[in-house]
Amino acid sequence: MLEPLRLALSSPIRKAALAFAAAMPALSASAQDEVPFVVSPEPVTLAMLTMASVGPRDVVLDLGSGDGRIVITAAKRFGARGLGVELSPQLVEKSRDNARRAGVAERAQFRMQDLFETDLSQASVITMYLLPEVNLQLRPKLLALKPGTRIVSHDWDMGDWKPDRTLVVDAPDKPVGLEKKSRVHFWRVPARLAGLWCAQDAALRLEQTFQQLNGQFMRADASLPFDARIDGTAVNAGRPQGRLRMVLQRETLRVDLAQGRYRALHGLAFVRSSGAGCP
């Protein structure tokens, strides 16, 4: 069973209406209530959960869970635990009934609460079908999650935080749009690595833009610039001139692979500097 949660519940398009209403007071409550709930077709649901590599150890949080299909599928087909958050009491009751009918009520739970008050931190996977402006409002909270947390969005991206992967899925039953295709975007929350890191007789200065990393390795007899990508808690810089892999373990950034032009970093372990320089 999931532990008691203070989680936000809102349906995909309705949540966007609420966010829009906060910026546009002229939008009436009745207009918000008329915004339709749009389901994610089954091929899209399966693609989202597969792209996130959902498994029995995961807790899936669906923001705007509608009729509960993503959480129920995560529990029934992938063995995960899950919780859906939704504004509509009718959809919450429908989701609970659907979970009982599917035999996964103990692993698939649903709450009625606003998504912007949701505690996202206990989820290992977050799924959502929101509008771009809502994604952007959520983005700071998502980036603050535990590194490695997986995020999947149906159709809409998160601005200049580019996805790690995007997949186009045929969706002949999609109720909106003419194309009858959906885009599934995937991100893995990157560790926050920007700053100065120190090792014995060496330093590493890192500048970070989301999962992109610009680095400068410095030693008395060498200086090496490099570009890398963060994948959760791992840093990878690739060919053609060598390979570099570093892994964040608690507060230490360890080099576990250094080949070619990166060989000078072999075996180093860096800790974040607490001041302006390295001792």
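Here the closest heavy-atom approach between residue Q109 and residue E106 is recorded as NE2-O, 4.0 Å. Minimum heavy-atom separation, R192 to P147: NH2-CD, 4.3 Å. In this structure, F270 and A203 approach most closely via the heavy-atom pair CE2-C, 3.9 Å. What you find for G277 and L196 is that their closest heavy atoms are CA-CD2, 3.5 Å. Contact record, V92 with M112: CG2-CB, 4.0 Å, taken as the closest heavy-atom pair. When all heavy atoms of R205 and M218 are compared, the pair lying nearest together is CB-CE, 3.8 Å.
The hydrophobic clustering, which links ILVMFWY residues whose side-chain heavy atoms are closer than 4.5 Å, places I151 and L115 together. Taken together through direct or relayed side-chain contacts under 4.5 Å among Ile, Leu, Val, Met, Phe, Trp and Tyr, V169 and V54 form part of one hydrophobic cluster. Side-chain heavy atoms closer than 4.5 Å link hydrophobic residues (I, L, V, M, F, W, Y) into clusters, and following such links, even through other members, never connects L49 to V71. L136 and V152 are not part of a single hydrophobic cluster, where members link through side-chain heavy atoms under 4.5 Å apart. V134 and L145 fall within a single hydrophobic cluster, where Ile, Leu, Val, Met, Phe, Trp and Tyr side chains are chained together by heavy-atom contacts under 4.5 Å.
Of the possible donor and acceptor atoms, none in the side chain of W156 sits under 3.5 Å from a partner among the backbone N and O of Y129. Checking side-chain atoms of T149 against main-chain N and O of K146 turns up a donor-acceptor pair under 3.5 Å. Without hydrogens or angle criteria, R263 side chain to G260 main chain gives a donor-acceptor distance under 3.5 Å. Not a single donor-acceptor pair under 3.5 Å links the side chain of R272 to the backbone N or O of C198. Of the possible polar contacts, one joining the R150 side chain to the A52 backbone as a donor-acceptor pair under 3.5 Å is found.
Looking at heavy atoms from C-beta onward, W197 lies out of side-chain contact with F217 at the 4.5 angstrom threshold. Contact of the S182 side chain with the H154 side chain is registered, since non-hydrogen atoms from C-beta on lie closer than 4.5 Å. By the 4.5 Å heavy-atom criterion applied to side chains, M51 and T127 are not counted as neighbours. The shortest distance between side-chain heavy atoms of L244 and V235 does not fall below 4.5 Å. Contact check for V125 versus L61: no side-chain heavy atoms found under the 4.5 Å cut-off. The shortest side-chain heavy-atom distance between L138 and I126 does not fall under the 4.5 Å cut-off. Proximity of L257 to Y262: side-chain heavy atoms (C-beta onward) are nowhere separated by under 4.5 Å. Between F226 and L204, some side-chain heavy-atom pair lies under the 4.5 Å cut-off.
Classification of R254 and D256 as a salt-bridged pair fails, no side-chain N sitting under 4.0 Å from a carboxylate O. A salt bridge does not link D157 to R139: none of the charged side-chain nitrogens sits closer than 4.0 Å to a carboxylate oxygen. Ion pair R69/D62 not flagged as a salt bridge, since none of the NZ, NE, NH1 or NH2 atoms sits closer than 4.0 Å to an Asp/Glu carboxylate oxygen.
Here the straight-line distance linking atom CE of M128 with atom CG of L130 works out to 6.0 Å at 0.5 Å rounding. Rounding to the nearest 0.5 Å gives a distance of 11.0 Å between CD of Q137 and CG of L131. Atoms CG and CD1, on D67 and I72 in that order, are 7.0 Å from each other to the nearest 0.5 Å. The structure places CD of E251 at 11.0 Å from CG of L253, a figure rounded to the nearest 0.5 Å. Once rounded to the nearest 0.5 Å, the distance linking CD1 of I230 with CG of N236 reads 10.5 Å. A distance of 10.5 Å separates CZ in R188 from CZ in R165, rounded to the nearest 0.5 Å.
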Carefully, step by step, assess I70 and M48 under the rule side-chain contact (heavy atoms from CB on, under 4.5 Å).
CA-CA 9 Å; I70 289 180; M48 292 173 75; 4.1 Å; yes

Decide yes or no on side-chain contact (heavy atoms from CB on, under 4.5 Å) for V184 and V44, but give the supporting numbers first.
CA-CA 7 Å; V184 178; V44 177; 4.1 Å; yes

What do the steps show when you test H185 against T166 for side chain to side chain donor-acceptor pair (under 3.5 Å), and what is the final call?
CA-CA 5 Å; H185 304 291; T166 295; 2.9 Å; yes

Between R96 and N98, does the side-chain contact (heavy atoms from CB on, under 4.5 Å) criterion hold? Intermediate values first, please.
CA-CA 5 Å; R96 290 171 177 166; N98 289 342; over 6 Å; no

Check the pair S223 / Q216 against side chain to side chain donor-acceptor pair (under 3.5 Å), numbers first and verdict last.
CA-CA 7 Å; S223 178; Q216 181 81 26; 2.4 Å; yes

Just do the side-chain contact (heavy atoms from CB on, under 4.5 Å) check on L63 and L120 with the steps written out, would you?
CA-CA 10 Å; L63 300 178; L120 308 178; 4.1 Å; yes

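No donor-acceptor contact under 3.5 angstrom links the side chains of Q211 and D231, judged on distance only. Judged by distance alone, the side chains of S124 and D58 do bring a donor and an acceptor atom under 3.5 Å apart. Defined by atom type and a distance below 3.5 Å, a donor-acceptor pair is present between the side-chain atoms of S88 and Q90.
Annotation: E207, atom CD; neighbour count of heavy atoms from other residues, nucleotides and ligands within 6.0 Å does not exceed 12. Heavy-atom neighbours of K94 NZ from other residues, nucleotides or ligands within 6.0 Å: at or below the threshold of 12. For CZ of R183, the number of neighbouring non-hydrogen atoms (other residues, nucleotides, ligands) closer than 6.0 Å is 12 at most.
Ring-plane geometry between F210 and W161 is classed as parallel, the angle between the planes falling under 30 degrees on a 0 to 90 degree scale with a further cut at 60.
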